[in-house]
Amino acid sequence: MLRFTQSKSAEQAKNYFSQALQTSDYFISDVELPGQFHGELAKKLGISGMATKEAFYSLCENINPVTGKMLTQRTREDRTVGYDITFSVPKSVSIVNALYSNSGIQEVFQQSVNETMKLIEADIMTRVRVGGKDEDRKGNGLIWAEFTHLSARAIDEYTAPDPFLHCHAYAFNATYDEVEGKIKAAQWQFSKRDAPYYQSIFYKKLTDKLIDLGYSVRKQGKSFELEGVPPSVIALMSKRTKQVEDFALEHGITGDKAKSELGARTRTAKRKGLTLDQLKADWKRQINAHLADKPIPNTPIRFARTKEPVKTSVIDCIDTILTHSYERASVMPERRLLAHAYMHSLGNRNTSIIDIDSAFKSDKRIIHVKDNHQTMCTTTAVLKEEQHMVSLAQNGIGVMKPLYSQMPETNLEGQQYDVAKHLLTTRDRVSIYMGAAGSGKTTLMKEVVPLIERTGCKVTIVAPTAQASRIVLGKDFKDAETVAKLLIDEKIQRQLQDGILWMDEAGLSDNKQMIACLELAKKYNARVVLGGDTRQHSAVSRGQALKILNTVGGIKAAEVNKIYRQRDLVYREAVEDMAKGKMKDALTKLDRIEAIKEIDPLKPNEQLVSDYTSALKKGKSALIVSPTHEQIGKVTKDVRLELRKMNLIGKHETQFTRLRNLNLTEAEKSDWRNFQPDQVVQFMQNLPKIKRGSQYKISEVENGKVKLVNKDGEISMLPLDKANKFNVYQPSEMQLSKGDKVRITQNSYDVKGKRVDNGQALQLKRINNEGCPIYVSEKSDTEYQFEKDFGHIDYNYCTTSHASQGHTVDETFVSMPVSTLMAADSKQFYVSTSRGKEAVHIYTDDKVELLKIVQVDKKELSAIELMQKGQQRDYALGLRKDNEPEKAKQFTKEKQLNYEPEL
């Protein structure tokens with residue numbers, strides 16, 4: 001993998017050199033290689049050879065070690081000194097490299113590191129501030145020192161370290177500006193942004209070289225391994241990795257990036273005195289003892305070149321990234337797409353980076369638009385899909401007879417009255433109303449729907465998710481259904497004739513669903529009412545349909561932004577600020593009412609659990625929300641411990657299976673290399689000899705085939721060409737006690753055929769004599785019985801903001817320690833904090849960082865919006881003759897829907 005770590009001061013950089021980089025003080029006497037200087041700027045300045053302590057320290061102080069003169073003109077105390085760019089390899093590669101001096105691995109590893117660093121160097125930018133400018137341009141050259149290490153940190157002072165081939169390429173924060181003719185600080189934000197791209201290039205270069213040496217490479221998830229190294233040996237030689245994982249789990253630290261950084265923060269004391277021969281002997285001893293009667297061979301395992309797999313050809317790489325990437329997004333950075341393509345090609349030596357780049361640039365399906373030193377991409381198919389959706393809505397403007405010529409009497413007032421008037425008197429087929437969280441959208445529906453039905457129109461109410469339709473809407477509208485149900489049920493469709501299709505939570509609808517609904521409305525001469533909030537979460541699948549129809553398509557939206565949910569005035573005002581995008585103002589108000597609580601990082605959940613259980617004791621309804629699944633698990637564990645002390649759940653625990661949906665895209669599910677033994681596959685639709693709902697465990701993955709076995713021992717092969725027919729799950733175990741609260745994680749049926757919906761809340765009532773759990777609904781006395789290995793359940797104490805959307809409780813508790821903030825943004829924070837009626841409680845160990853993160857609006861462009869940016873830039877740069885701003889605006893509004901990209 002590849003990781004950027006910033007040094008924020010000269011002292012920090014020097015300490016890092018002493019503790020982690022230099023050879024003479026490393027913990028194994030002859031295992032590490034001397035650091036060497038590299039880079040075009042290093043050559044320009046005459047800096048070469050070994051990266052000595054004196055030379056490294058001089059560069060930390062912004063001084064050229066050759067001349068003793070300053071590198072850049074200014075040296076601020078708080079400046080960024082440099083970045084440690086760490087390259088590491090999968091464990092199987094480290095093991096083979098460590099055991100065999102003739103493996104050839106170390107040489108090709110160092111070549112791959114240096115080639116990747118040259119690409120990073122070629123892309124480096126520098127800031128331009130001369131003449132009042134505020135922009136960036138290409139720099140010329142870097143100085144970096146490469147330190148290659150062959151082993152991991154020991155887990156303690158008595159245990160020898162495991163093999164771990166990695167390289168620290170420490171790049172100093174300086175580059176040459178050709179235009180200004182001087183050395184300046186580099187601009188690293190673009191390099192850090194493109195880290196996945198560089199990592200994929202590094203992996204591709206390395207695996208191609210390994211194949212040339214005769215090794216067989218197997219892509220595995222987001223990485224790869226060498227064939228011939230048993231998984232159990234990999235686990236044996238990963239003691240340091242396990243130590244970091246255990247520490248992360250214990251302290252609630254989440255995400256690959258955070259765990260990677262944790263490795264640096266939990267270094268043990270160095271151990272000196274072991275020679276490389278002694279270390280190799282110890283590694284061989286461990287592995288031979290582990291393998292027992294199958295000792296390791298005396299030479300590295302190499303294979304004759306085999307026929308290249310068809311599914312990783314250049315054409316397949318491009319097809320796969322287009323299928324995978326645009327299943328859930330309309331616009332993607334070019335380099336993120338290429339990173340996926342390079343990773344898909346791992347193991348195929350005949351598919352080169354150059355070939356992939358060439359095919360990608362020449363593919364007429366892909367549209368490229370430059371945007372601020374980054375190229376963004378969409379496809380002609382996605383663009384036409386959005387154009388078709390907008391056209392369907394626009395063609396319905398002014399074609400319908402108003403339901404009422406004058407607004408009828410109603411109990412609504414203010415903004416809600418205005419919205420109702422808009423919906424009841426419009427002549428447009430498609431009507432939109434936007435409602436902020438807690439603005440009374442359900443109250444509005446309960447008033448307006450009867451008024452519509454009074455005219456003789458049938459109102460069919462749907463929502464994009466089962467939770468929104470059957471659980472949230474179901475309380476007031478018993479016949480509410482999912483959009484998916486509508487699209488397959490012809491009986492429901494026929495009810496639309498001359499009626500109203502009302503979609504609640506329309507912001508969760510993807511483009512395909514919206515298009516299908518608009519086409520049904522046209523077919524049955526029905527009106528469409530779309531209600532939602534584009535500042536809350538959008539669909540997981542591609543498209544922000546509601547936003548596109550409103551902002552791009554120009555479909556007028558009535559708005560209700562007056563908040564009713566929050567009873568506390570300041571809390572309500574804070575939510576109103578968030579609905580308007582004023583996150584800083586909202587944080588100030590929340591801080592004023594002491595809603596933001598600073599916590600002890602070593603006890604991140606102590607106060608939260610105390611406050612949450614206190615609310616339960618008072619009979620309050622309560623909800624805990626957190627950005628990451630790892631933190632949710634940690635909070636849940638602590639909550640259950642406290643509930644057990646309070647005798648609210650039983651002391652005895654029973655183990656059940658839990659299935660976590662891996663949420664693979666169809667492209668990922670069609671690639672056999674993404675599957676692992678013991679994963680569970682469940683079929684969503686009937687296939688020959690396979691019934692809908694049936695579960696199989698993966699027993700073997702090899703040579704393009706995935707073998708399945710069910711609980712009766714029947715064997716089947718996974719139909720990879722039917723990826724849309726099944727889901728893939730990672731099984732785990734969960735402990736449940738009587739009284740535990742759980743939620744259903746997938747639409748299903750119990751053993752007696754009673755339906756349960758995704759997100760439905762249940763409570764464990766008892767376990768029968770067969771060991772099957774009996775649950776009871778929290779909102780009724782209905783009982784549900786499931787098999788012990790049912791799997792589609794999870795604890796229901798803490799949840800994600802996505803799952804919380806649409807819910808209302810008395811008090812909401814938001815767990816946001818720093819370790820979770822990489823998954824947070826303005827939408828996540830807005831949805832999480834707006835659930836409560838009476839109070840919100842936010843727990844963090846860094847208010848400053850929290851404020852910074854929750855102001856980030858991760859805007860997702862639509863394809864049409866991307867084309868607008870491209871066309872307006874053409875005007876601005878004078879690339880079109882009619883480059884006046886008004887004409888640019890006119891082009892955007894009038895021609896965007898029919899725009900045909902030049903291919």
Side-chain angles (χ1 to χ4, degrees), residues 4-26 32-87 110-130 136-149 166-188 190-191 198:
F4 284 78
T5 304
Q6 181 182 16
S7 292
K8 297 181 180 180
S9 70
E11 195 63 30
Q12 184 183 30
K14 290 176 183 178
N15 290 338
Y16 189 63
F17 177 87
S18 299
Q19 297 171 13
L21 300 181
Q22 71 171 335
T23 305
S24 61
D25 194 30
Y26 214 69
E32 318 308 332
L33 307 179
Q36 299 288 326
F37 282 118
H38 296 271
E40 292 302 316
L41 183 57
K43 291 179 184 177
K44 185 179 183 69
L45 299 176
I47 302 171
S48 61
M50 187 180 299
T52 63
K53 178 178 180 179
E54 292 73 21
F56 193 94
Y57 277 25
S58 291
L59 289 167
C60 291
E61 296 290 353
N62 197 29
I63 295 173
N64 183 338
V66 177
T67 65
K69 295 181 179 179
M70 297 283 286
L71 276 181
T72 63
Q73 292 182 335
R74 293 186 302 169
T75 305
R76 297 198 333 248
E77 288 188 11
D78 61 343
R79 68 188 180 93
T80 295
V81 174
Y83 281 88
D84 173 27
I85 307 172
T86 309
F87 296 80
Q110 289 177 298
Q111 290 169 16
S112 301
V113 168
N114 200 259
E115 290 170 9
T116 306
M117 281 301 301
K118 287 180 178 178
L119 292 174
I120 294 174
E121 179 182 48
D123 290 336
I124 199 66
M125 306 290 287
T126 187
R127 292 177 176 174
V128 180
R129 299 293 182 268
V130 176
D136 302 287
R137 64 169 163 248
K138 279 287 185 70
N140 185 359
L142 289 171
I143 306 169
W144 74 86
E146 285 183 13
F147 302 84
T148 299
H149 298 161
H166 62 289
C167 175
H168 298 273
Y170 192 95
F172 291 92
N173 187 28
T175 188
Y176 187 73
D177 188 329
E178 293 280 4
V179 177
E180 297 180 32
K182 61 184 179 182
I183 298 173
K184 299 166 56 179
Q187 175 66 290
W188 287 94
F190 306 110
S191 302
Y198 298 124

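In what follows, residues are counted from 1 in the order of the sequence shown. Because the structure is predicted, anything quoted here is derived from the model rather than measured.
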Under the salt bridge (Lys or Arg N to Asp or Glu O under 4.0 Å) test, residues paired with Asp136 that sit two or more places apart: none
List the residues meeting salt bridge (Lys or Arg N to Asp or Glu O under 4.0 Å) with Lys43, not counting sequence neighbours, and say none if there are none. Glu40
Can you find a pair of side-chain heavy atoms, one from Leu45 and one from Ile183, that are under 4.5 Å apart? yes
For the CE atom on Met50, are there more than 12 heavy atoms of other groups (residues, nucleotides or ligands in this structure) within a distance under 6.0 Å? no
Please answer whether the main-chain N or O of Ala185 pairs with a side-chain N or O of Thr126 as donor and acceptor at a distance below 3.5 Å. yes
Does Gly141 offer a backbone N or O that forms a donor-acceptor pair with the side chain of Thr175 under 3.5 Å? yes
What about Phe56 and Phe172, are their ring centers closer than 6.0 Å? yes
If I take atom OG from residue Ser7 and atom CZ from residue Phe17, how far apart are they, to the nearest 0.5 angstrom? 12.5 Å
Should Leu59 and Leu71 count as side-chain neighbours, where that means a heavy-atom distance under 4.5 Å? yes
Taking only residues two or more places apart in sequence, or in another chain, which ones meet Gln111 in a side-chain hydrogen bond (donor to acceptor under 3.5 Å, both in side chains)? none
Taking only residues two or more places apart in sequence, or in another chain, which ones meet Glu178 in a salt bridge (Lys or Arg N to Asp or Glu O under 4.0 Å)? none
Drop me the distance from Phe147's CZ to Gln36's CD, to the nearest 0.5 angstrom. 9.0 Å
Keeping the roles fixed (side chain from Thr86, backbone from His168), state whether a donor-acceptor pair exists under 3.5 Å. no
Could you tell me whether a side-chain N or O of Asn173 sits under 3.5 Å from a main-chain N or O of Ala186, the two making a donor and an acceptor? yes
Who passes side-chain hydrogen bond (donor to acceptor under 3.5 Å, both in side chains) against Tyr176, sequence neighbours left out? none
Looking at every heavy atom in both Gln187 and Ile124, which two are closest together, and how far apart are they? O-CD1, 3.9 Å
Are Glu180 and Arg129 close enough for a salt bridge, meaning some N to O gap below 4.0 Å? no
With sequence neighbours excluded, residues passing salt bridge (Lys or Arg N to Asp or Glu O under 4.0 Å) with Glu11: none
